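First comes the structure, then the notes that go with it.
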Amino acid sequence: MKLMIQNLKDSWSDLKAILGCLKKLQNSLQDLQKANQNLTKVSHALERSVKRYQFKNAVPLAKIDKIIKR
């Protein structure tokens with residue numbers, strides 16, 4: 001009987017330890033999801049900046065025609 005009670009106590013301790021690990025994993029996953037969202041926002045902002053830069057610095061077609069005709 002004593003052995004059975006000790007086994008139950010040990011099992012309960014193991015289960016609590018596993019639960020603690022699962023909670024840490026859940027928190028880590030949430031942190032990773034937030035980081036991914038932030039990276040996505042930064043990526044979209046960079047894409048918009050690149051498009052604006054390309055648009056502002058685009059060479060007009062008329063100027064390209066002049067260069068080609070020379």
Side-chain angles (χ1 to χ4, degrees):
M1 186 71 167
K2 284 184 179 181
L3 182 61
M4 202 162 79
I5 292 172
Q6 186 59 44
N7 285 341
L8 284 172
K9 286 181 181 178
D10 291 344
S11 295
W12 180 248
S13 294
D14 291 345
L15 286 173
K16 287 197 304 188
I18 291 169
L19 182 60
C21 290
L22 288 173
K23 285 181 181 179
K24 288 180 183 179
L25 282 171
Q26 183 181 23
N27 290 339
S28 295
L29 178 60
Q30 288 172 347
D31 290 343
L32 285 171
Q33 287 172 331
K34 287 177 187 175
N36 187 41
Q37 288 173 349
N38 289 336
L39 286 172
T40 300
K41 288 178 186 176
V42 169
S43 174
H44 290 154
L46 286 173
E47 286 175 10
R48 287 191 303 271
S49 293
V50 166
K51 286 179 184 175
R52 278 195 305 270
Y53 177 82
Q54 288 173 339
F55 182 76
K56 285 181 181 177
N57 295 307
V59 179
L61 289 177
K63 191 172 183 180
I64 293 173
D65 281 342
K66 274 186 179 179
I67 294 170
I68 292 173
K69 290 178 182 178
R70 284 185 190 170

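As the structure is a computational prediction, the values presented were derived from the model and not from experiment.
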Pairs meeting criterion side chain to side chain donor-acceptor pair (under 3.5 Å) with involvement of residues 4-31, two or more places apart
Gln6-Asp10
Partner set under side-chain contact (heavy atoms from CB on, under 4.5 Å) for Ser49, not counting sequence neighbours
Arg52
Can you tell if the side chain of Leu29 reaches within under 4.5 Å of the side chain of Leu25, non-hydrogen atoms only?
no
Can you list the other members of the hydrophobic cluster that holds Val42, where links are side-chain heavy atoms under 4.5 angstrom apart?
Leu46
Apply side-chain contact (heavy atoms from CB on, under 4.5 Å) to the pair Thr40 and Asn36, showing each step before the final yes or no.
CA-CA 6 Å; Thr40 300; Asn36 187 41; 4.0 Å; yes
